[in-house]
A.B. asks: 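Before I ask anything, let me first share the structure, which is written out below as structure tokens.
Per chain, numbering begins at 1; letters A, B, ... match sequence-line order.
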Protein chains: 2
Amino acid sequence: MKLRNLFARNLKAARLLKGMSQEDLAYEAELDRTYISALERRIYSPSLDVIEKLSKALELDAYLLLMAPDKPD
Amino acid sequence: MKLRNLFARNLKAARLLKGMSQEDLAYEAELDRTYISALERRIYSPSLDVIEKLSKALELDAYLLLMAPDKPD
DNA sequence: ATGTGACTCCTAGTCCGTA
DNA sequence: GTACGGACTAGGAGTCACA
């Protein structure tokens with residue numbers, strides 16, 4: 001599984017869990033709204049600096065965005 | 001703590017744990033030796049694609065490279 | 001076996017729109 | 001509120017020579 005795909009899913013899941021829109025997240029993370037959209041659509045391979053901004057905005061540890069959900073199926 | 005600094009330390013630690021030189025790792029990850037050196041010196045904020053290559057070469061899960069060591073001092 | 005400067009090239013990331 | 005496009009700029013990707 002491509003890491004950026006996993007990241008994309010985790011990002012969206014974490015965002016929705018926080019009840020934030022892409023716009024909200026973009027504002028909090030000081031990133032562009034359309035870029036958040038692109039990330040969730042797996043367009044880009046974000047840098048650590050971006051991952052750090054996002055994890056802070058989402059109030060979670062960065063490594064959580066790279067973890068596979070423990071689904072035994 | 002800047003995420004790229006944490007990553008740099010974890011990368012080096014994981015590499016040494018495997019008994020690999022920067023050259024070895026560069027070869028396995030299909031990256032340039034000097035680029036590995038730069039990463040360990042915190043020059044760059046690597047993208048997920050690079051992190052993926054490195055984690056595969058080091059035979060560990062990518063998220064481990066973003067985790068803070070649990071040192072209570 | 002690693003650090004560093006000086007490059008070139010290409011993607012990450014921004015900003016403007018429209019639907 | 002999100003997807004998607006075009007045009008743009010910043011900075012990462014990748015290489016080389018040399019210490």
A.B. asks: In whole angstroms, how far is the P atom of C:dA1 from the CZ atom of B:R41?
C.D. replies: 17 Å
A.B. asks: Based on the rotation axes of five pairs at each end, what angle does the helix from C:dT2-D:dA19 to C:dA19-D:dT2 bend through, to 10°?
C.D. replies: 40°
A.B. asks: Tell me what A:R15 touches on the nucleic acid: a base, only sugar-phosphate, or nothing, going by heavy atoms under 4.0 Å.
C.D. replies: sugar-phosphate
A.B. asks: Send over the distance from A:Y27 OH to D:dG1 C1', rounded to a whole Å.
C.D. replies: 18 Å
A.B. asks: Rounded to whole Å, please give me the gap between CZ in B:R42 and C1' in C:dT4.
C.D. replies: 17 Å
A.B. asks: Hey, what do you get for CD (B:Q22) to CG (B:L16), rounding to the nearest 0.5 Å?
C.D. replies: 9.0 Å
A.B. asks: Measuring only between side-chain heavy atoms, which start at C-beta, is A:L65 closer than 4.5 Å to A:S55?
C.D. replies: yes
A.B. asks: Counting C-beta onward and ignoring hydrogens, is there a side-chain heavy-atom pair between A:V50 and A:Y35 closer than 4.5 Å?
C.D. replies: yes
A.B. asks: So do B:L66 and A:L48 actually touch side chain to side chain, heavy atoms under 4.5 Å?
C.D. replies: yes
A.B. asks: Rounded to the nearest angstrom, tell me the gap between atom CG in B:L54 and atom C1' in D:dG14.
C.D. replies: 13 Å
A.B. asks: Within the 4.0 Å limit for protein heavy atoms, which parts of nucleotides 7-16 of chain C are touched? Write it as a string from 5' to 3', B for base, S for sugar-phosphate only, - for none.
C.D. replies: -----BBBBB
A.B. asks: Need one value for B:Q22: base, sugar-phosphate or nothing, where a base atom within 4.0 Å counts as base even if backbone is also close, heavy atoms only.
C.D. replies: sugar-phosphate
A.B. asks: Going by heavy atoms in the side chains, are B:L58 and B:L64 under 4.5 Å from each other?
C.D. replies: no
A.B. asks: In whole angstrom, give the distance that lies between atom CE of B:M20 and atom P of C:dT2.
C.D. replies: 11 Å
A.B. asks: Would a distance-only check, ignoring hydrogens and angles, find a side-chain to backbone donor-acceptor pair under 3.5 Å from A:N5 to A:R42?
C.D. replies: no
A.B. asks: For the pair made of CD1 in B:I36 and C1' in C:dT2, what is the distance, rounded to whole Å?
C.D. replies: 12 Å
A.B. asks: B:S37 near the nucleic acid: base, sugar-phosphate alone, or nothing, with a heavy-atom cut-off under 4.0 Å?
C.D. replies: base
A.B. asks: Kindly say whether B:M67 contributes a backbone atom to a donor-acceptor pair with the side chain of A:D61 at under 3.5 angstrom?
C.D. replies: no
A.B. asks: Below 4.5 Å, heavy atoms only, C-beta onward: do B:L54 and B:F7 meet side chain to side chain?
C.D. replies: yes
A.B. asks: Do A:T34 and A:D32 have side-chain N/O donor and acceptor atoms under 3.5 Å apart?
C.D. replies: yes
